[in-house]
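The next block holds one structure in the form of structure tokens; read it before the comments.
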Amino acid sequence: MDVSVAMWGLTIGGLCALIAADFFIGGRKPHEVSLKEAGIWTAVWVALAALFGLGLLVFAGGQPSGEFFAGFITEKSLSVDNLFVFVLIMAKFAVPTVYQQRVLMVGVLIALVLRAVFIAAGAAIISTFAWVFYIFGAFLIWTAWKLIQEARADEEETEFEENRLLKAVEKRFPSTDGYHGTQLFIVENGKRLMTPMLIVMLAIGTTDVLFALDSIPAIFGLTQDPYIVFTANAFALMGLRQLYFLIGGLLKKLVHLSYGLSIILGFIGVKLVLHALHESGAHVPEISIPVSLGVICAVLAVTTATSLYASRKQALAEAGNGESRLRDKDSADV
């Protein structure tokens, strides 16, 4: 897909306008986000992504449109995994509920900028070295296997560990113990201090880089067009803040999410290896975008359904055990 500099500028300008509208309409004043507000804004961002994909269909054809939707759905599903870590970060830094929306907004913007750098670097490498597809494919297959191992081990993270950047920032710049509204810096006793608000924003943004290590190769497995890769990432990330408040309470019920994501990553990894072999001249089948989109949607649908069923079954079992213990206690008292 041949995208001019003017189109790049128009796209980035349009995304900036949408982010500004999101901020001034829903995020300018710190407040607790209701489920209704989160649901409306989530629907708005999904609708905007759908309109963009349909625009590609009209002006660029079915191939770019299909690649965008496949990339968007993949990035959106992988970003749900980010929310588990975001919950841990919010708890680690004891962020008041009223300020969580501002933290996520700035943190996601930092993540978007960092991902743009990753995408530019990935596109440059791919255009120069075709064999990098073998590395990307092998890495995704290894990541998929690692996710399955972690899911089978059933090990839950209970604490967020700060990365080196955060530790360096906290060590070098003195900070306050408490929050001071949405201020990032304050002057106290003539000394300029950093507030926890800035630290937690950096934590959200820089932690996303770790997730980009598998999500960026994954979307390059669906399309090698930098324009589609960037826009799919942008639309997936920009609705992440509202999704955090909408499904925050449901995250623990997605017990099979890791299995679903591992299948998707493994599938795209195999697709990348096949593409690399095809580029090398080998006569191997290539997986089309419609097939990729169908597999991704089917895996997510099955994973969600089985997760909710398993969670409901576990809840009923726990309720039954609770009633049984209560009856045993009453019998003992008698």
Side-chain angles (χ1 to χ4, degrees), residues 1-3 11 46 49-50 52-57 59-82 112 115-116 118-127 129-144 147 208 211-240 257 260-280 284-303:
M1 182 175 169
D2 188 17
V3 181
T11 301
V46 171
F52 183 84
L54 292 175
L56 286 176
L57 176 63
F59 295 105
Q63 180 75 11
S65 177
E67 290 176 354
F68 171 80
F69 281 117
F72 171 74
I73 293 172
T74 299
E75 293 299 310
K76 199 71 174 177
S77 61
L78 290 172
S79 69
V80 172
D81 209 27
N82 297 23
L112 183 57
R115 285 202 181 202
F118 269 64
I119 292 167
I125 293 172
I126 286 173
S127 63
F129 308 106
W131 49 262
V132 79
F133 285 114
Y134 288 111
I135 299 176
F136 280 2
F139 176 75
L140 289 179
I141 293 171
W142 175 79
T143 304
L147 276 176
D208 181 77
F211 292 95
L213 292 177
D214 55 34
S215 66
I216 297 301
I219 193 170
F220 270 116
L222 299 169
T223 176
Q224 286 81 59
D225 192 322
Y227 182 78
I228 296 177
V229 172
F230 173 74
T231 51
N233 268 273
F235 278 107
L237 278 178
M238 288 192 300
L240 193 58
L257 178 64
L261 294 180
S262 67
I263 293 172
I264 292 173
L265 290 177
F267 169 76
I268 297 175
V270 172
K271 184 179 185 297
L272 271 172
V273 173
L274 290 175
H275 178 74
L277 290 170
H278 182 78
E279 290 292 312
S280 300
V284 296
E286 283 204 272
I287 302 172
S288 66
I289 285 299
V291 171
S292 299
L293 187 57
V295 169
I296 292 167
C297 291
V299 169
L300 290 176
V302 171
T303 298

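FYI, the numbering just counts along the sequence from 1.
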query: Heavy-atom distance under 4.5 Å between the side chains of Asp225 and Val229, does that happen here?
result: no

Residue pair Pro226 / Ala123: nearest heavy atoms and the distance that separates them: CG-CB, 3.7 Å

task: Quick one: pull up CD1 in Ile228 and CG in Asn233 and give me the separation to the nearest 0.5 Å.
output: 12.0 Å

- request: List for me each residue that meets side chain to side chain donor-acceptor pair (under 3.5 Å) alongside Thr303, sequence neighbours excluded, and say none if there are none.
  value: none

statement: Heavy-atom nearest pair, Ser77 first then Leu261, reads O-CD2, 3.7 Å

query: How close do Gly61 and Pro64 get, heavy atom to heavy atom, and via which atoms?
result: O-CD, 3.5 Å

query: Rounded to the nearest 0.5 Å, what separation is found between the CG atom of Leu272 and the CD1 atom of Ile141?
result: 8.5 Å

message: How close do Ser262 and Ala144 get, counting heavy atoms only, and between which atoms?
response: O-CB, 3.1 Å

Verdict with supporting geometry, Ile219 and Thr74, side-chain contact (heavy atoms from CB on, under 4.5 Å): CA-CA 7 Å; Ile219 193 170; Thr74 299; 5.9 Å; no

Counterpart residues, ring pair (Phe, Tyr, Trp, His ring centres under 6.0 Å), relative to Phe133 (two or more places apart): His275

Residue pair Leu277, Val273: steps toward the side-chain contact (heavy atoms from CB on, under 4.5 Å) verdict: CA-CA 6 Å; Leu277 290 170; Val273 173; 4.2 Å; yes

field: Test side chain to side chain donor-acceptor pair (under 3.5 Å) applied to Gln63 - qualifying residues, sequence neighbours left out
entry: Glu67

Residues 289-300, side-chain donor-acceptor partners within the protein, below 3.5 Å, at least two apart:
unit_1	atom_1	unit_2	atom_2	d
Ser292	OG	Ser288	O	3.0

field: Between CG on residue Leu78 and CD1 on residue Ile216, distance to nearest 0.5 Å
entry: 10.0 Å

query: Once the angle between the rings of Phe68 and Phe235 is folded into 0 to 90°, is it parallel (under 30°), tilted (30 to 60°) or perpendicular (over 60°)?
result: perpendicular

- prompt: Can you list the residues that meet the side-chain contact (heavy atoms from CB on, under 4.5 Å) rule with Leu57, with sequence neighbours excluded?
  reply: Leu54, Ser65

- prompt: If you take all heavy atoms of Phe230 and Ala116, which pair is closest and at what distance?
  reply: CE1-CB, 4.0 Å

field: Separation of Phe220 CZ from Phe118 CZ (nearest 0.5 Å)
entry: 11.5 Å

- prompt: Is there a side-chain contact between Phe267 and Leu140 (heavy atoms, below 4.5 Å)?
  reply: no

task: Applying salt bridge (charged side-chain N to carboxylate O under 4.0 Å, His left out), name anything that partners Glu75, two or more places apart in sequence or on another chain.
output: Arg115

task: Only counting residues at least two apart or in another chain, list the ones meeting ring pair (Phe, Tyr, Trp, His ring centres under 6.0 Å) with Tyr134.
output: none

